[in-house]
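Report on one structure; see the data block that follows.
Each chain gets a letter, A, B and so on, in the order its sequence line appears, and its residues count up from 1. Just so it is clear, the structure is predicted and the values come from calculations on it, not from any experiment.
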Protein chains: 2
Amino acid sequence: MSDRCRIPETTVARLPVYLRSLLRLAAGQERIVSSQRLAQLTGLHSARVRKDLAYVGASGTRGVGYDVAHLLDMTGRELRRSQETPVVIVGMGQLGRALAGYGGLGSEGFRIAALFDVDRAKVGQQVGAATVRHLDELAATVATEDCVIGVLATPAAAAQSAADALVAAGVRAILNFAPTSLAVGCDVWLRDVDVSVELQILAHHRLPTRPTR
Amino acid sequence: MSDRCRIPETTVARLPVYLRSLLRLAAGQERIVSSQRLAQLTGLHSARVRKDLAYVGASGTRGVGYDVAHLLDMTGRELRRSQETPVVIVGMGQLGRALAGYGGLGSEGFRIAALFDVDRAKVGQQVGAATVRHLDELAATVATEDCVIGVLATPAAAAQSAADALVAAGVRAILNFAPTSLAVGCDVWLRDVDVSVELQILAHHRLPTRPTR
DNA sequence: TAATGTGAAAGGCTTCACAGCC
DNA sequence: GGCTGTGAAGCCTTTCACATTA
(Lines give C-alpha, C1' and ligand atoms only; values in the text may rest on other atoms or scores of the structure.)
Protein backbone atom coordinates (compact mmCIF):
# COMPACT_ATOMS: atom_id res chain seq x y z
CA MET A 1 0.00 0.00 0.00
CA SER A 2 1.25 3.46 -0.87
CA ASP A 3 3.02 5.62 1.70
CA ARG A 4 0.94 8.48 0.44
CA CYS A 5 -2.38 7.27 1.74
CA ARG A 6 -3.63 8.57 5.04
CA ILE A 7 -3.68 6.07 7.88
CA PRO A 8 -7.02 6.05 9.72
CA GLU A 9 -6.88 7.21 13.31
CA THR A 10 -8.25 3.88 14.50
CA THR A 11 -5.31 2.12 12.92
CA VAL A 12 -2.81 4.57 14.39
CA ALA A 13 -4.27 3.93 17.83
CA ARG A 14 -3.63 0.20 17.46
CA LEU A 15 -0.04 0.49 16.28
CA PRO A 16 1.42 0.88 19.79
CA VAL A 17 -0.45 -2.27 20.79
CA TYR A 18 1.10 -4.23 17.94
CA LEU A 19 4.46 -2.77 18.85
CA ARG A 20 4.16 -4.06 22.41
CA SER A 21 3.36 -7.57 21.23
CA LEU A 22 6.10 -7.49 18.61
CA LEU A 23 8.66 -6.49 21.22
CA ARG A 24 7.63 -9.46 23.33
CA LEU A 25 7.84 -11.79 20.36
CA ALA A 26 11.28 -10.47 19.51
CA ALA A 27 12.39 -10.86 23.11
CA GLY A 28 11.26 -14.48 22.89
CA GLN A 29 13.39 -15.03 19.79
CA GLU A 30 10.34 -15.48 17.57
CA ARG A 31 11.23 -14.34 14.07
CA ILE A 32 7.99 -15.01 12.21
CA VAL A 33 4.46 -14.19 13.25
CA SER A 34 1.13 -14.73 11.52
CA SER A 35 -1.72 -12.24 11.53
CA GLN A 36 -3.68 -14.92 13.35
CA ARG A 37 -1.19 -15.04 16.21
CA LEU A 38 -0.86 -11.28 16.41
CA ALA A 39 -4.63 -11.07 16.52
CA GLN A 40 -4.72 -13.51 19.40
CA LEU A 41 -2.05 -11.58 21.31
CA THR A 42 -3.85 -8.26 20.88
CA GLY A 43 -7.45 -9.41 21.07
CA LEU A 44 -8.22 -8.24 17.53
CA HIS A 45 -9.43 -9.90 14.34
CA SER A 46 -6.79 -11.26 12.00
CA ALA A 47 -8.19 -9.41 8.98
CA ARG A 48 -7.95 -6.19 10.97
CA VAL A 49 -4.32 -6.91 11.77
CA ARG A 50 -3.50 -7.52 8.10
CA LYS A 51 -5.20 -4.29 7.03
CA ASP A 52 -3.43 -2.29 9.70
CA LEU A 53 -0.07 -3.72 8.78
CA ALA A 54 -0.72 -2.98 5.11
CA TYR A 55 -1.36 0.66 6.05
CA VAL A 56 2.10 1.06 7.55
CA GLY A 57 3.64 -0.47 4.44
CA ALA A 58 4.51 -3.82 5.99
CA SER A 59 4.34 -6.93 3.86
CA GLY A 60 4.37 -10.60 4.72
CA THR A 61 4.93 -13.85 2.93
CA ARG A 62 1.88 -15.84 1.88
CA GLY A 63 1.76 -19.23 3.48
CA VAL A 64 4.33 -18.15 6.07
CA GLY A 65 3.59 -14.92 7.91
CA TYR A 66 5.34 -11.67 8.70
CA ASP A 67 8.94 -11.09 9.69
CA VAL A 68 8.91 -9.78 13.26
CA ALA A 69 11.90 -7.50 12.76
CA HIS A 70 10.34 -6.04 9.62
CA LEU A 71 7.08 -5.34 11.46
CA LEU A 72 8.98 -3.72 14.31
CA ASP A 73 10.74 -1.51 11.82
CA MET A 74 7.61 -0.45 9.99
CA THR A 75 5.38 0.16 13.00
CA GLY A 76 8.21 1.84 14.90
CA ARG A 77 8.85 4.11 11.94
CA GLU A 78 5.19 5.10 11.72
CA LEU A 79 5.28 5.98 15.42
CA ARG A 80 8.47 8.00 15.01
CA ARG A 81 10.18 5.63 17.39
CA SER A 82 13.70 6.12 16.11
CA GLN A 83 13.83 9.73 17.19
CA GLU A 84 13.64 10.55 20.86
CA THR A 85 10.57 12.68 21.48
CA PRO A 86 10.84 15.37 24.14
CA VAL A 87 7.78 15.83 26.33
CA VAL A 88 6.89 18.55 28.82
CA ILE A 89 4.61 17.98 31.80
CA VAL A 90 2.50 20.77 33.25
CA GLY A 91 1.14 20.36 36.77
CA MET A 92 3.20 18.84 39.54
CA GLY A 93 0.51 17.45 41.81
CA GLN A 94 0.43 13.83 42.80
CA LEU A 95 -0.34 12.63 39.29
CA GLY A 96 2.20 14.89 37.62
CA ARG A 97 4.91 13.61 39.93
CA ALA A 98 3.95 10.00 39.26
CA LEU A 99 4.12 10.63 35.52
CA ALA A 100 7.45 12.43 35.84
CA GLY A 101 8.85 9.47 37.71
CA TYR A 102 7.38 6.83 35.40
CA GLY A 103 10.35 4.97 33.97
CA GLY A 104 8.35 3.42 31.14
CA LEU A 105 8.52 6.56 29.05
CA GLY A 106 12.27 6.52 28.53
CA SER A 107 12.28 2.99 27.19
CA GLU A 108 9.54 3.89 24.72
CA GLY A 109 11.48 6.68 23.10
CA PHE A 110 10.27 9.64 25.12
CA ARG A 111 12.27 12.03 27.21
CA ILE A 112 10.87 14.29 29.87
CA ALA A 113 12.31 17.59 28.77
CA ALA A 114 10.88 19.76 31.53
CA LEU A 115 8.34 19.99 34.35
CA PHE A 116 6.18 23.02 35.09
CA ASP A 117 3.88 24.37 37.75
CA VAL A 118 2.46 27.75 38.68
CA ASP A 119 3.09 27.20 42.39
CA ARG A 120 6.27 29.08 43.33
CA ALA A 121 6.69 26.72 46.27
CA LYS A 122 7.15 23.81 43.88
CA VAL A 123 9.44 25.64 41.46
CA GLY A 124 13.01 24.48 41.95
CA GLN A 125 12.05 21.12 43.43
CA GLN A 126 13.69 18.06 41.94
CA VAL A 127 11.22 15.47 40.60
CA GLY A 128 12.80 12.42 39.05
CA ALA A 129 15.56 13.63 36.74
CA ALA A 130 14.21 17.13 36.21
CA THR A 131 13.71 20.35 38.13
CA VAL A 132 10.31 22.02 38.31
CA ARG A 133 10.19 25.35 36.51
CA HIS A 134 7.60 28.08 36.57
CA LEU A 135 4.97 28.03 33.81
CA ASP A 136 6.26 31.42 32.67
CA GLU A 137 9.30 29.64 31.27
CA LEU A 138 7.20 27.26 29.18
CA ALA A 139 7.50 29.05 25.85
CA ALA A 140 11.25 29.39 26.07
CA THR A 141 11.73 25.75 27.00
CA VAL A 142 9.42 24.39 24.33
CA ALA A 143 11.26 26.42 21.72
CA THR A 144 14.71 25.37 22.92
CA GLU A 145 13.89 21.67 23.24
CA ASP A 146 11.60 21.62 20.19
CA CYS A 147 8.85 19.89 22.15
CA VAL A 148 5.76 18.92 20.21
CA ILE A 149 4.01 16.98 22.97
CA GLY A 150 2.69 18.36 26.25
CA VAL A 151 1.17 16.43 29.13
CA LEU A 152 -1.44 18.20 31.23
CA ALA A 153 -1.74 17.09 34.84
CA THR A 154 -3.19 20.22 36.43
CA PRO A 155 -6.46 20.51 38.35
CA ALA A 156 -9.51 20.87 36.09
CA ALA A 157 -9.85 24.59 36.79
CA ALA A 158 -6.34 25.35 35.52
CA ALA A 159 -6.35 22.98 32.55
CA GLN A 160 -7.75 25.20 29.80
CA SER A 161 -5.37 28.08 30.44
CA ALA A 162 -2.47 25.66 30.70
CA ALA A 163 -3.54 24.08 27.40
CA ASP A 164 -3.69 27.52 25.81
CA ALA A 165 -0.19 28.21 27.11
CA LEU A 166 1.07 24.93 25.63
CA VAL A 167 -0.46 25.67 22.25
CA ALA A 168 0.84 29.24 22.27
CA ALA A 169 4.28 27.87 23.06
CA GLY A 170 4.17 25.69 19.97
CA VAL A 171 3.10 22.31 21.29
CA ARG A 172 1.05 20.44 18.67
CA ALA A 173 -0.24 17.50 20.73
CA ILE A 174 -1.62 17.34 24.26
CA LEU A 175 -2.24 14.39 26.53
CA ASN A 176 -4.82 15.63 29.00
CA PHE A 177 -5.16 14.02 32.43
CA ALA A 178 -7.21 16.87 33.86
CA PRO A 179 -10.86 15.91 34.40
CA THR A 180 -12.31 18.46 32.01
CA SER A 181 -13.03 18.82 28.29
CA LEU A 182 -10.53 21.08 26.60
CA ALA A 183 -11.13 23.33 23.62
CA VAL A 184 -8.13 23.40 21.30
CA GLY A 185 -7.67 24.34 17.68
CA CYS A 186 -8.20 21.62 15.10
CA ASP A 187 -4.48 21.71 14.29
CA VAL A 188 -3.71 20.41 17.79
CA TRP A 189 -4.04 16.70 18.56
CA LEU A 190 -5.69 16.00 21.86
CA ARG A 191 -6.18 12.79 23.80
CA ASP A 192 -7.90 12.53 27.15
CA VAL A 193 -7.17 10.16 30.00
CA ASP A 194 -9.47 10.33 33.00
CA VAL A 195 -9.52 7.63 35.62
CA SER A 196 -12.92 8.67 36.94
CA VAL A 197 -14.40 8.57 33.47
CA GLU A 198 -13.05 5.08 32.87
CA LEU A 199 -14.39 3.83 36.17
CA GLN A 200 -17.78 5.38 35.53
CA ILE A 201 -17.98 3.62 32.18
CA LEU A 202 -17.21 0.33 33.89
CA ALA A 203 -19.65 1.10 36.69
CA HIS A 204 -22.42 1.32 34.12
CA HIS A 205 -21.85 -2.31 33.26
CA ARG A 206 -22.53 -3.63 36.70
CA LEU A 207 -24.95 -6.48 36.70
CA PRO A 208 -28.61 -5.51 37.06
CA THR A 209 -28.64 -3.62 40.29
CA ARG A 210 -30.41 -5.01 43.31
CA PRO A 211 -33.23 -2.67 44.31
CA THR A 212 -31.84 0.28 46.24
CA ARG A 213 -32.95 -0.47 49.77
CA MET B 1 -36.98 6.24 24.28
CA SER B 2 -37.66 2.97 26.04
CA ASP B 3 -35.62 1.87 29.03
CA ARG B 4 -35.49 -1.56 27.48
CA CYS B 5 -33.27 -0.65 24.57
CA ARG B 6 -29.56 -1.27 24.85
CA ILE B 7 -27.39 1.82 25.05
CA PRO B 8 -24.48 1.72 22.58
CA GLU B 9 -21.06 1.54 24.14
CA THR B 10 -20.04 4.75 22.40
CA THR B 11 -22.87 6.55 24.14
CA VAL B 12 -22.02 5.05 27.53
CA ALA B 13 -18.45 6.27 27.13
CA ARG B 14 -19.69 9.84 26.64
CA LEU B 15 -22.03 9.91 29.63
CA PRO B 16 -19.29 10.69 32.16
CA VAL B 17 -18.24 13.60 29.98
CA TYR B 18 -21.77 15.01 29.98
CA LEU B 19 -21.90 14.44 33.72
CA ARG B 20 -18.77 16.52 34.24
CA SER B 21 -20.18 19.41 32.25
CA LEU B 22 -23.56 19.16 33.94
CA LEU B 23 -21.93 19.33 37.37
CA ARG B 24 -20.15 22.50 36.34
CA LEU B 25 -23.35 24.01 34.99
CA ALA B 26 -25.17 23.13 38.19
CA ALA B 27 -22.35 24.61 40.27
CA GLY B 28 -22.78 27.80 38.24
CA GLN B 29 -26.50 27.91 39.06
CA GLU B 30 -27.47 27.25 35.45
CA ARG B 31 -30.79 25.43 35.45
CA ILE B 32 -31.42 25.03 31.72
CA VAL B 33 -29.04 23.88 29.03
CA SER B 34 -29.49 23.35 25.30
CA SER B 35 -27.99 20.48 23.34
CA GLN B 36 -26.09 23.15 21.46
CA ARG B 37 -24.41 24.45 24.60
CA LEU B 38 -23.67 20.98 25.93
CA ALA B 39 -22.15 20.13 22.56
CA GLN B 40 -19.93 23.18 22.79
CA LEU B 41 -18.82 22.28 26.32
CA THR B 42 -17.95 18.71 25.39
CA GLY B 43 -16.65 19.21 21.86
CA LEU B 44 -19.40 17.06 20.34
CA HIS B 45 -22.15 17.63 17.77
CA SER B 46 -25.51 18.79 19.09
CA ALA B 47 -27.42 16.02 17.30
CA ARG B 48 -25.15 13.51 18.98
CA VAL B 49 -25.88 15.04 22.37
CA ARG B 50 -29.64 14.83 21.80
CA LYS B 51 -29.44 11.19 20.71
CA ASP B 52 -27.29 10.27 23.70
CA LEU B 53 -29.62 11.99 26.12
CA ALA B 54 -32.59 10.25 24.53
CA TYR B 55 -30.85 6.91 25.18
CA VAL B 56 -30.69 7.52 28.92
CA GLY B 57 -34.36 8.47 28.93
CA ALA B 58 -33.87 12.20 29.38
CA SER B 59 -36.29 14.59 27.76
CA GLY B 60 -36.16 18.30 27.13
CA THR B 61 -38.59 21.05 26.25
CA ARG B 62 -38.78 22.15 22.61
CA GLY B 63 -37.87 25.75 22.21
CA VAL B 64 -36.24 25.82 25.63
CA GLY B 65 -33.72 23.08 26.34
CA TYR B 66 -33.06 20.48 29.02
CA ASP B 67 -33.38 20.82 32.77
CA VAL B 68 -29.88 20.47 34.22
CA ALA B 69 -31.04 18.69 37.37
CA HIS B 70 -33.07 16.25 35.30
CA LEU B 71 -30.09 15.46 33.10
CA LEU B 72 -27.88 14.99 36.16
CA ASP B 73 -30.42 12.57 37.53
CA MET B 74 -30.76 10.54 34.34
CA THR B 75 -27.08 10.32 33.43
CA GLY B 76 -26.09 9.71 37.03
CA ARG B 77 -28.64 6.92 37.26
CA GLU B 78 -27.31 5.28 34.11
CA LEU B 79 -23.80 5.40 35.58
CA ARG B 80 -25.00 3.92 38.90
CA ARG B 81 -23.90 7.09 40.60
CA SER B 82 -26.27 6.92 43.54
CA GLN B 83 -24.68 3.80 44.94
CA GLU B 84 -21.11 3.91 46.14
CA THR B 85 -19.04 1.50 44.07
CA PRO B 86 -16.24 -0.34 45.87
CA VAL B 87 -13.03 -0.76 43.88
CA VAL B 88 -9.96 -2.86 44.57
CA ILE B 89 -6.51 -1.96 43.30
CA VAL B 90 -3.91 -4.63 42.56
CA GLY B 91 -0.28 -3.57 42.34
CA MET B 92 1.23 -1.06 44.72
CA GLY B 93 4.05 0.33 42.64
CA GLN B 94 4.36 4.03 41.96
CA LEU B 95 1.23 4.14 39.82
CA GLY B 96 -0.84 2.01 42.19
CA ARG B 97 0.05 4.32 45.07
CA ALA B 98 -0.84 7.39 43.06
CA LEU B 99 -4.22 5.87 42.17
CA ALA B 100 -4.84 4.84 45.77
CA GLY B 101 -4.16 8.37 46.89
CA TYR B 102 -6.19 10.03 44.14
CA GLY B 103 -8.92 11.95 45.89
CA GLY B 104 -11.03 12.37 42.78
CA LEU B 105 -12.47 8.89 43.06
CA GLY B 106 -14.32 9.45 46.28
CA SER B 107 -16.15 12.48 44.99
CA GLU B 108 -17.26 10.50 41.93
CA GLY B 109 -18.95 7.77 43.90
CA PHE B 110 -16.14 5.27 44.18
CA ARG B 111 -14.56 3.88 47.32
CA ILE B 112 -11.22 2.15 47.46
CA ALA B 113 -12.17 -1.03 49.26
CA ALA B 114 -8.76 -2.63 49.39
CA LEU B 115 -5.21 -2.58 48.03
CA PHE B 116 -3.19 -5.65 47.08
CA ASP B 117 0.32 -6.67 46.18
CA VAL B 118 2.29 -9.90 46.03
CA ASP B 119 5.35 -8.33 47.65
CA ARG B 120 5.36 -9.32 51.34
CA ALA B 121 7.47 -6.24 52.08
CA LYS B 122 4.59 -4.01 50.97
CA VAL B 123 1.86 -5.94 52.74
CA GLY B 124 0.78 -4.09 55.87
CA GLN B 125 1.91 -0.69 54.61
CA GLN B 126 -0.58 2.12 54.86
CA VAL B 127 -1.36 3.82 51.51
CA GLY B 128 -3.91 6.59 51.70
CA ALA B 129 -6.81 5.36 53.77
CA ALA B 130 -6.18 1.65 53.24
CA THR B 131 -3.69 -1.01 54.23
CA VAL B 132 -1.96 -3.15 51.62
CA ARG B 133 -2.98 -6.82 51.76
CA HIS B 134 -1.47 -9.85 50.10
CA LEU B 135 -3.04 -10.96 46.83
CA ASP B 136 -3.97 -14.26 48.48
CA GLU B 137 -6.67 -12.38 50.36
CA LEU B 138 -8.22 -11.01 47.18
CA ALA B 139 -11.06 -13.51 46.82
CA ALA B 140 -12.19 -13.12 50.41
CA THR B 141 -12.15 -9.33 50.23
CA VAL B 142 -13.96 -9.12 46.90
CA ALA B 143 -16.67 -11.40 48.26
CA THR B 144 -17.04 -9.49 51.53
CA GLU B 145 -17.08 -6.05 49.96
CA ASP B 146 -19.03 -7.16 46.87
CA CYS B 147 -16.53 -5.48 44.56
CA VAL B 148 -17.32 -5.61 40.87
CA ILE B 149 -14.50 -3.38 39.65
CA GLY B 150 -10.79 -4.08 39.86
CA VAL B 151 -7.94 -1.77 38.92
CA LEU B 152 -4.74 -3.38 37.66
CA ALA B 153 -1.53 -1.47 38.26
CA THR B 154 1.00 -4.29 38.23
CA PRO B 155 4.02 -4.65 35.96
CA ALA B 156 3.15 -6.11 32.55
CA ALA B 157 4.56 -9.52 33.41
CA ALA B 158 2.23 -9.96 36.38
CA ALA B 159 -0.88 -8.48 34.83
CA GLN B 160 -2.48 -11.52 33.22
CA SER B 161 -2.28 -13.68 36.33
CA ALA B 162 -3.55 -10.79 38.45
CA ALA B 163 -6.42 -10.33 36.01
CA ASP B 164 -7.22 -14.02 36.23
CA ALA B 165 -7.23 -13.74 40.01
CA LEU B 166 -9.61 -10.78 39.86
CA VAL B 167 -12.00 -12.60 37.57
CA ALA B 168 -11.83 -15.77 39.66
CA ALA B 169 -12.62 -13.66 42.73
CA GLY B 170 -15.77 -12.39 41.06
CA VAL B 171 -14.76 -9.01 39.64
CA ARG B 172 -16.72 -8.26 36.46
CA ALA B 173 -14.90 -5.18 35.20
CA ILE B 174 -11.19 -4.37 35.03
CA LEU B 175 -9.41 -1.09 34.46
CA ASN B 176 -5.98 -2.10 33.21
CA PHE B 177 -3.01 0.23 33.60
CA ALA B 178 -0.44 -2.47 32.92
CA PRO B 179 1.25 -2.06 29.52
CA THR B 180 0.05 -5.34 28.07
CA SER B 181 -3.01 -6.75 26.30
CA LEU B 182 -5.08 -8.91 28.61
CA ALA B 183 -7.21 -11.89 27.66
CA VAL B 184 -10.41 -12.03 29.66
CA GLY B 185 -13.74 -13.75 29.16
CA CYS B 186 -16.36 -11.91 27.15
CA ASP B 187 -18.45 -11.56 30.32
CA VAL B 188 -15.77 -9.30 31.83
CA TRP B 189 -15.60 -5.64 30.84
CA LEU B 190 -12.10 -4.42 30.20
CA ARG B 191 -10.70 -0.97 29.58
CA ASP B 192 -7.06 -0.16 29.01
CA VAL B 193 -5.15 2.94 30.00
CA ASP B 194 -1.52 3.14 28.92
CA VAL B 195 0.42 6.37 29.03
CA SER B 196 3.06 5.12 26.61
CA VAL B 197 0.42 4.05 24.12
CA GLU B 198 -1.23 7.46 24.28
CA LEU B 199 2.05 9.26 23.81
CA GLN B 200 2.98 7.03 20.90
CA ILE B 201 -0.30 7.81 19.20
CA LEU B 202 0.39 11.51 19.61
CA ALA B 203 3.98 11.07 18.48
CA HIS B 204 2.70 9.73 15.17
CA HIS B 205 1.07 13.06 14.50
CA ARG B 206 4.22 15.06 14.65
CA LEU B 207 4.63 17.33 11.73
CA PRO B 208 6.38 15.83 8.71
CA THR B 209 9.67 14.72 10.12
CA ARG B 210 12.84 16.43 9.13
CA PRO B 211 15.07 13.94 7.34
CA THR B 212 16.84 11.74 9.92
CA ARG B 213 20.41 12.90 9.78
C1' DT C 1 -39.19 31.63 17.44
C1' DA C 2 -36.15 28.42 19.30
C1' DA C 3 -34.88 24.04 20.39
C1' DT C 4 -36.12 19.04 20.73
C1' DG C 5 -36.71 14.44 18.67
C1' DT C 6 -35.78 11.50 14.92
C1' DG C 7 -35.97 9.39 10.23
C1' DA C 8 -32.70 9.29 6.41
C1' DA C 9 -28.23 9.95 4.31
C1' DA C 10 -23.41 9.70 4.64
C1' DG C 11 -19.27 8.03 6.25
C1' DG C 12 -16.21 4.88 8.44
C1' DC C 13 -14.83 0.57 10.56
C1' DT C 14 -14.99 -4.34 10.92
C1' DT C 15 -15.66 -8.81 9.28
C1' DC C 16 -16.29 -12.01 5.65
C1' DA C 17 -14.68 -14.58 2.02
C1' DC C 18 -11.73 -15.84 -1.31
C1' DA C 19 -8.24 -15.11 -5.02
C1' DG C 20 -3.41 -15.24 -5.16
C1' DC C 21 0.93 -16.77 -3.83
C1' DC C 22 4.69 -19.22 -1.24
C1' DG D 1 -1.70 -26.55 2.98
C1' DG D 2 -1.36 -22.27 4.86
C1' DC D 3 -1.30 -17.46 5.09
C1' DT D 4 -1.38 -12.91 2.95
C1' DG D 5 -3.81 -9.20 0.62
C1' DT D 6 -8.08 -7.12 -0.48
C1' DG D 7 -12.79 -6.28 -2.67
C1' DA D 8 -17.38 -6.53 -0.97
C1' DA D 9 -20.87 -6.83 2.48
C1' DG D 10 -22.58 -5.63 6.81
C1' DC D 11 -22.72 -3.01 10.80
C1' DC D 12 -22.23 0.95 13.53
C1' DT D 13 -21.71 5.83 14.26
C1' DT D 14 -22.20 10.41 13.03
C1' DT D 15 -24.30 14.14 10.75
C1' DC D 16 -27.96 16.26 8.24
C1' DA D 17 -32.35 18.12 7.85
C1' DC D 18 -36.79 18.97 9.15
C1' DA D 19 -41.30 17.99 11.24
C1' DT D 20 -42.87 18.98 15.73
C1' DT D 21 -43.95 21.38 19.75
C1' DA D 22 -43.68 24.62 23.84
Problem set entry | Test item: side-chain donor near acceptor, A:Arg111 and A:Thr85, under 3.5 Å | no
Exercise. For A:Leu53 and D:dC3, what is the distance between atoms CG and P respectively, to the nearest whole Å?
Worked result: 15 Å
For this session: Would you give the length of the straight line joining atom CG of A:Leu115 to atom CD1 of A:Ile89, rounded to the nearest 0.5 angstrom?
Result: 5.5 Å
Exercise. Between the base of D:dT21 and the side chain of B:Arg62, is there any donor-acceptor pair under 3.5 Å?
Worked result: no
Exercise. Hey, does the side chain of B:His45 come within less than 4.0 Å of D:dT13's phosphate (OP1/OP2), counting only N and O?
Worked result: no
For this session: Decide yes or no, distance alone: a donor-acceptor N/O pair under 3.5 angstrom between the base of C:dT15 and the side-chain of A:Lys51.
Result: yes
Problem set entry | Separation of atom CG in A:Leu38 from atom P in D:dC3, rounded to whole Å | 14 Å
Exercise. Would you call A:Asp67-A:Arg31 a salt bridge at under 4.0 Å N-O?
Worked result: no
Exercise. What's the CD-C1' distance between B:Gln36 and D:dA17, to the nearest Å?
Worked result: 14 Å
For this session: Send over the distance from B:Ile32 CD1 to C:dT4 P, rounded to a whole Å.
Result: 10 Å
Exercise. Is there a donor-acceptor contact under 3.5 Å linking the side chains of A:Thr42 and A:Arg20?
Worked result: no
Problem set entry | Closest-nucleotide 5' rank along DNA chain C - winner of A:Gly63 and A:Leu44 | A:Leu44
Exercise. Does any donor atom in the side chain of B:Glu9 or A:His205 lie under 3.5 Å from an acceptor atom in the other side chain?
Worked result: yes
Problem set entry | Atom-pair distance (OH on B:Tyr55; C1' on D:dT14), nearest Å | 11 Å
For this session: Go through D:dA17, C:dT15, C:dC18 for me and flag the one nearest to the A:Ala47 side chain.
Result: C:dT15
Problem set entry | B:Glu9 CD - C:dC13 C1' separation (whole Å) | 16 Å
Exercise. Between D:dT13, D:dT4, D:dA22, which one does the side chain of B:Thr10 approach most closely?
Worked result: D:dT13
Exercise. Base, sugar-phosphate, or nothing for A:Ser46, non-hydrogen atoms under 4.0 angstrom?
Worked result: nothing
For this session: Report yes if a side-chain nitrogen or oxygen of A:Tyr66 is closer than 4.0 Å to either non-bridging phosphate oxygen (OP1 or OP2) of D:dG2; otherwise report no.
Result: no
Problem set entry | Euclidean distance, atom CG of residue A:Asp52 to atom P of C:dT15 [Å, nearest integer] | 11 Å
Problem set entry | Any donor-acceptor N or O pair under 3.5 Å, side chains B:Arg206, A:Gln83 | yes
For this session: For C:dG5, take OP1 and OP2 only and decide whether either is under 4.0 Å from a side-chain N or O of B:Arg50.
Result: no
Exercise. When all nucleic acid strands are considered with a 4.0 Å heavy-atom cut-off, which category describes A:Ser59: base, sugar-phosphate, or nothing?
Worked result: sugar-phosphate
Exercise. Heavy atoms under 4.0 Å, any strand shown: does A:Ser35 hit a base, just sugar-phosphate, or nothing?
Worked result: sugar-phosphate
Exercise. In terms of side-chain heavy atoms of A:Pro8, which of D:dA22, D:dA17, C:dC13 is nearest?
Worked result: C:dC13
Exercise. Using a cut-off of 4.0 Å on non-hydrogen atoms, how would the nucleic acid contact of A:Arg14 be classed: base, sugar-phosphate, or nothing?
Worked result: sugar-phosphate
Seminar exercise, completed: In whole angstroms, the gap separating C1' of D:dC12 from CZ of B:Arg6 amounts to 15 Å
